Engineer: 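I am attaching a structure below and will ask some questions about it afterwards.
Just so it is clear, the model here is predicted, and its values are computed rather than measured. Chain letters run A, B, ... following the sequence lines, proteins first, then strands; residues in each count from 1.
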Number of protein chains: 2
Amino acid sequence: MDINTIYNEDCLETMKRMEDNSIDLVVTSPPYADRRKTTYGGIHPDNYVEWFLTISDELKRVLKPSGSFILNIKENVVDGERHTYVLELIIEMRKQGWLWTEEYMWHKKNSFPGYWPNRLRDGWERLLHFTKEKKFNMYQDQVKVPIGDWSKNRLKNISEKDKKRVESETNSGFGKNISNWVGKDMVLPNNVLYMASESSNKSHSAAFPEKLPEFFIKLFTKETDLIYDPFMGSGTTAKVSFELNRNFIGSELSKDYYKISKERLGKSKNVKKFFEWK
Amino acid sequence: MDINTIYNEDCLETMKRMEDNSIDLVVTSPPYADRRKTTYGGIHPDNYVEWFLTISDELKRVLKPSGSFILNIKENVVDGERHTYVLELIIEMRKQGWLWTEEYMWHKKNSFPGYWPNRLRDGWERLLHFTKEKKFNMYQDQVKVPIGDWSKNRLKNISEKDKKRVESETNSGFGKNISNWVGKDMVLPNNVLYMASESSNKSHSAAFPEKLPEFFIKLFTKETDLIYDPFMGSGTTAKVSFELNRNFIGSELSKDYYKISKERLGKSKNVKKFFEWK
DNA sequence: GTTCCGCATGAATCGATAG
DNA sequence: ACTATCGATTCATGCGGAA
């Protein structure tokens with residue numbers, strides 16, 4: 001199996017040639033149900049779970065026990081209701097043996113416009129975190145963020161009470177020592193990613209902002225680890241992987257999207273091979 | 001059935017005395033699984049769905065066809081994984097006849113601190129929107145928010161330029177094409193509520209901020225509409241309902257929480273009756 | 001070089017109209 | 001009756017061109 005290669009084929013074909021337990025991280029944004037009709041034929045919501053389970057089964061085989069699988073997805077509205085296919089998918093993937101370890105949230109700064117009688121504009125998407133084992137690789141130090149402005153005022157004139165251990169009023173047993181923050185300027189983020197979807201002035205339509213795979217690549221891999229994206233699209237995860245000195249494999253069924261990825265990644269010296277499907 | 005009354009009893013008892021189709025809005029934050037052990041016996045996650053379905057069935061009976069049910073909930077971590085009881089609950093409530101119309105998101109500004117090897121701090125909760133019918137009451141104008149700063153410079157300049165253009169081209173006969181945004185200062189929000197959880201300096205632990213029920217009360221009811229909270233807790237939804245001149249009924253099983261609500265609402269002239277359970 | 005302005009467009013959804 | 005297509009609605013972002 002050649003790494004640092006992108007394949008213009010169905011991801012199931014690519015994975016057939018992969019060894020068991022060889023991938024450190026899967027970050028992907030598959031075609032949503034009934035979307036991208038022109039490229040993927042528009043999988044109907046009612047058939048989505050069945051379709052995706054064949055893929056997640058193979059992903060589970062090739063993922064290392066210490067690895068993670070991040071799935072960006074959002075259910076659309078069908079007949080006035082949110083469809084339940086994502087909920088069902090989580091439940092079925094657990095039956096396959098996956099652990100639903102966490103659900104991260106992408107809070108979109110610029111949500112799609114619109115006005116409807118029964119709902120507001122949709123401003124968020126799911127980022128489901130699945131793992132094979134309870135213990136897996138996670139490098140939290142790599143995703144620390146600058147401390148908020150609140151600390152500047154808070155720490156400037158630190159009170160006597162703050163220097164002592166401040167017990168929370170609810171008797172939750174959790175206490176905090178504010179003075180520990182002095183000198184620190186980076187803190188751990190939480191499980192909400194607040195960022196805009198990428199602008200579309202470029203030739204490709206990359207709704208997936210680069211910061212998003214970047215966050216998970218930093219959080220769940222170290223350099224030279226191997227990342228796989230079974231639905232590469234315009235190659236956002238690929239690009240970020242190479243930039244962060246990770247190894248990468250990608251699959252993309254659509255010829256058009258594949259070409260966009262190829263062009264986008266062509267400048268990168270890290271990409272070894274392009275494999276075009278005949 | 002007395003309105004503007006709070007009841008110190010199980011919500012099923014309160015609802016027994018309610019007529020069919022009498023409530024305009026239910027906003028509630030029920031005890032999460034394995035929480036509040038002393039009060040509700042600590043419902044185990046595996047039994048949560050079964051327990052809640054008896055309540056949601058009665059809620060469906062008493063809610064008007066034009067009404068809405070907002071359920072604030074978040075699955076906790078069990079054995080390293082997010083438990084699936086909320087997902088199952090949504091699926092089962094649909095079988096009961098509820099429509100899962102939308103999922104709003106509470107993005108918490110101040111998420112609870114902590115450090116774990118397999119997850120980051122939890123910064124969000126679900127706000128599930130269920131309805132009985134596809135068409136229901138929704139008053140979007142009541143929840144408009146100030147337009148973003150981006151517009152200030154833009155619109156100011158557009159309008160100035162537009163004025164100049166109109167003056168100089170008065171005789172041209174060319175109709176002016178003023179941007180839709182000029183004069184607009186309030187826009188519709190999206191389905192993510194970004195707000196801090198309430199400080200716990202008070203005697204009760206009110207993680208539920210007042211802005212949260214306020215948003216949904218404004219969005220789904222008008223004045224004198226009837227709101228019901230089956231798990232009143234410290235009475236946040238109750239307080240906001242009265243302040244917004246809505247009618248209210250509340251149930252709270254715990255004597256301690258009931259007392260807190262009673263004290264908190266005692267000052268309100270709108271509360272008609274307190275009903276203490278013997 | 002900067003800053004400013006104009007514009008295109010994005011994983012959307014609903015209701016009406018047409019076949 | 002059921003499906004397919006189309007227009008209306010709406011806001012934040014970044015890019016390119018202009019001042």
Side-chain angles (χ1 to χ4, degrees), chain A residues 28-46 48 52 71-83 85-86 106-128 194-212 231-234 236-237 254 257, chain B residues 99-103 129 131 133-136 138 140-141 143-165 177-192 194:
Chain A
T28 198
S29 189
Y32 297 2
D34 263 356
R35 304 292 168 212
R36 287 192 185 174
K37 277 187 185 171
T38 49
T39 38
Y40 286 93
I43 301 120
H44 192 276
D46 295 345
Y48 197 89
F52 197 83
L71 178 61
N72 170 224
I73 200 163
K74 175 78 188 221
E75 56 272 62
N76 54 322
V77 175
V78 176
D79 213 13
E81 278 184 279
R82 288 279 163 202
H83 200 279
Y85 67 86
V86 176
W106 173 19
H107 178 181
K108 296 174 172 181
K109 278 183 182 170
N110 53 342
S111 47
F112 204 89
Y115 180 83
W116 305 281
N118 56 352
R119 64 190 66 250
L120 298 173
R121 293 176 301 129
D122 192 13
W124 62 277
E125 292 191 16
R126 304 179 194 280
L127 293 159
L128 305 172
Y194 183 45
M195 50 185 69
S197 58
E198 211 117 290
S199 160
S200 56
N201 260 13
K202 301 166 192 171
S203 55
H204 55 90
S205 67
F208 207 57
E210 291 182 9
K211 289 276 175 196
L212 222 145
F231 302 98
M232 206 172 33
S234 54
T236 305
T237 300
S254 149
Y257 272 105
Chain B
L99 301 179
W100 182 38
T101 297
E102 179 60 309
E103 182 169 348
H129 180 202
T131 62
E133 304 287 341
K134 283 183 197 171
K135 293 200 177 190
F136 50 88
M138 191 166 182
Q140 312 206 352
D141 286 344
V143 295
K144 283 193 170 178
V145 295
I147 198 165
D149 288 336
W150 64 270
S151 71
K152 290 202 179 104
N153 295 322
R154 282 279 300 278
L155 297 183
K156 192 170 56 184
N157 292 327
I158 286 175
S159 62
E160 278 171 11
K161 196 176 181 183
D162 193 66
K163 278 177 199 165
K164 282 178 198 166
R165 189 186 299 156
N177 195 5
I178 301 176
S179 160
N180 286 334
W181 308 112
V182 175
K184 236 187 202 183
D185 50 359
M186 301 292 276
V187 297
L188 289 170
N190 63 20
N191 61 358
V192 179
Y194 184 44

Engineer: Taking for each residue the nucleotide of DNA chain C bearing the nearest heavy atom, is the 5' side occupied by A/Gly80 or by A/Lys108?
Structural biologist: A/Lys108
Engineer: Report yes if a side-chain nitrogen or oxygen of A/Arg119 is closer than 4.0 Å to either non-bridging phosphate oxygen (OP1 or OP2) of C/dC14; otherwise report no.
Structural biologist: yes
Engineer: Can you tell me which nucleotide in D/dT9, C/dA11, C/dT13 comes closest to the side chain of A/Val77?
Structural biologist: C/dT13
Engineer: Rounded to whole angstrom units, what separation is found between the CH2 atom of A/Trp116 and the P atom of D/dT9?
Structural biologist: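 Going from A/Trp116 (CH2) to D/dT9 (P), I get 13 Å.
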Engineer: Hydrogens and angles aside, do B/His129 and B/Asn191 bring a side-chain donor and acceptor to less than 3.5 Å of each other?
Structural biologist: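 No pair is found: no donor N or O on one side chain lies under 3.5 Å from an acceptor on the other.
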Engineer: Side chain of A/Glu125, heavy atoms from C-beta onward: which of C/dT13, C/dG10, C/dA11 has the nearest atom to it?
Structural biologist: C/dA11
Engineer: In whole Å, what is the span from the NE2 atom of A/His83 to the C1' atom of C/dA11?
Structural biologist: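 After rounding, the gap between these two atoms is 16 Å.
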Engineer: When you measure from the side chain of A/Asn118, which nucleotide among C/dC14, D/dT10, C/dG15 comes out closest?
Structural biologist: C/dC14
Engineer: Using the P atom on both, measure D/dA8 against C/dA11 and round to a whole Å.
Structural biologist: 23 Å
Engineer: What is the distance, rounded to the nearest whole Å, between atom OH of A/Tyr32 and atom P of C/dA12?
Structural biologist: 10 Å
Engineer: Without decimals, in angstroms, what is the distance between B/Asp141 CG and D/dT9 P?
Structural biologist: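 So the two atoms are 15 Å apart, to the nearest Å.
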Engineer: Where the side chain of A/Ser29 is concerned, which of C/dG15, D/dT10, C/dA11 is the nearest nucleotide?
Structural biologist: C/dA11
Engineer: Measure from the side chain of A/Asn110, starting at C-beta and using heavy atoms only, and say which of D/dT13, D/dT9, C/dC14 lies closest.
Structural biologist: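 Per side-chain heavy atoms of A/Asn110, the pick is D/dT13.
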Engineer: Indicate whether OP1 or OP2 belonging to C/dT13 is found under 4.0 Å from a side-chain N or O atom of A/Arg82.
Structural biologist: yes
Engineer: Which nucleotide, C/dG15, C/dA11, D/dC11, lies nearest any side-chain atom of A/Pro113?
Structural biologist: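 My answer, after comparing the listed nucleotides, is D/dC11.
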Engineer: Out of curiosity, A/Tyr194 OH to A/Lys109 NZ, how far, rounded to the nearest 0.5 Å?
Structural biologist: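 Output value for this atom pair is 6.0 Å.
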Engineer: For A/Trp124, is the NZ or CZ atom of A/Lys108 found under 6.0 angstrom from the centre of its six-membered ring and inside 45 degrees of the ring axis?
Structural biologist: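 Ring-cation test returns no.
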Engineer: Rounded to whole angstroms, how far apart are NZ on A/Lys211 and P on D/dT13?
Structural biologist: 15 Å
Engineer: Atom CD in B/Glu102, atom CG in A/Asp122: separation rounded to 0.5 Å?
Structural biologist: 6.0 Å
Engineer: Let me know the distance between CZ of A/Arg121 and P of C/dT9, rounded to the nearest Å.
Structural biologist: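 Nearest whole value for this atom pair: 20 Å.
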Engineer: Mind checking A/Ile73 for me? I need base, sugar-phosphate or nothing, with any heavy atom below 4.0 Å counting as a touch.
Structural biologist: nothing
Engineer: Using 0.5 Å steps for rounding, measure from the OG1 atom of A/Thr28 to the CE atom of A/Met232.
Structural biologist: 9.5 Å
Engineer: Examine the base of D/dA12 for any acceptor or donor lying under 3.5 Å from a partner atom in the side chain of A/Ser111, and report the outcome as yes or no.
Structural biologist: no
Engineer: Which distance, rounded to the nearest 0.5 Å, do you find between the CG of B/Asn190 and the CZ of A/Arg119?
Structural biologist: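 It comes to 13.5 Å.
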Engineer: Please classify C/dA12 as syn or anti, treating any glycosidic angle within 90° of 0 as syn.
Structural biologist: anti
Engineer: What nucleotide among C/dT13, C/dA12, C/dC14 has an atom nearest to a side-chain atom of A/Phe112?
Structural biologist: C/dA12
Engineer: Starting at the 5' end of DNA chain D, what dot-bracket string do you get if Watson-Crick and G-U pairs under 3.5 Å are bracketed, crossing pairs use [ ], other-strand pairs use | and unpaired bases use dots?
Structural biologist: .||||||||.|||||||||
Engineer: Using a heavy-atom cut-off of under 4.0 Å over every strand shown, decide if A/Lys109 touches base, sugar-phosphate, or nothing.
Structural biologist: sugar-phosphate
Engineer: Quick one: pull up CZ in A/Phe52 and CD1 in A/Ile73 and give me the separation to the nearest 0.5 Å.
Structural biologist: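 Between A/Phe52 CZ and A/Ile73 CD1, I get 6.5 Å after rounding to 0.5 Å.
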Engineer: Less than 4.0 angstrom from a charged side-chain N to a carboxylate O is my criterion; do A/Glu75 and A/Arg126 meet it?
Structural biologist: yes
Engineer: Specify the separation, in whole Å, of atom CE of A/Met195 and atom C1' of D/dA12.
Structural biologist: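 Interatomic distance, CE of A/Met195 to C1' of D/dA12: 16 Å.
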Engineer: What residues form a side-chain contact (heavy atoms from CB on, under 4.5 Å) with A/Asn72, not counting sequence neighbours?
Structural biologist: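 Testing A/Asn72 for side-chain contact (heavy atoms from CB on, under 4.5 Å), a comparison that skips the adjacent residues, returns A/Ser29, A/Tyr32, A/Trp106, A/Glu125, A/Leu127, A/Phe208.
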Engineer: Checking all strands, does B/Asn190 fall into the base, sugar-phosphate, or nothing category for heavy-atom contacts under 4.0 angstrom?
Structural biologist: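 Nothing, no heavy atom under 4.0 Å.
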Engineer: Atom CE of B/Met186 to atom P of D/dC11: distance rounded to whole Å?
Structural biologist: 12 Å
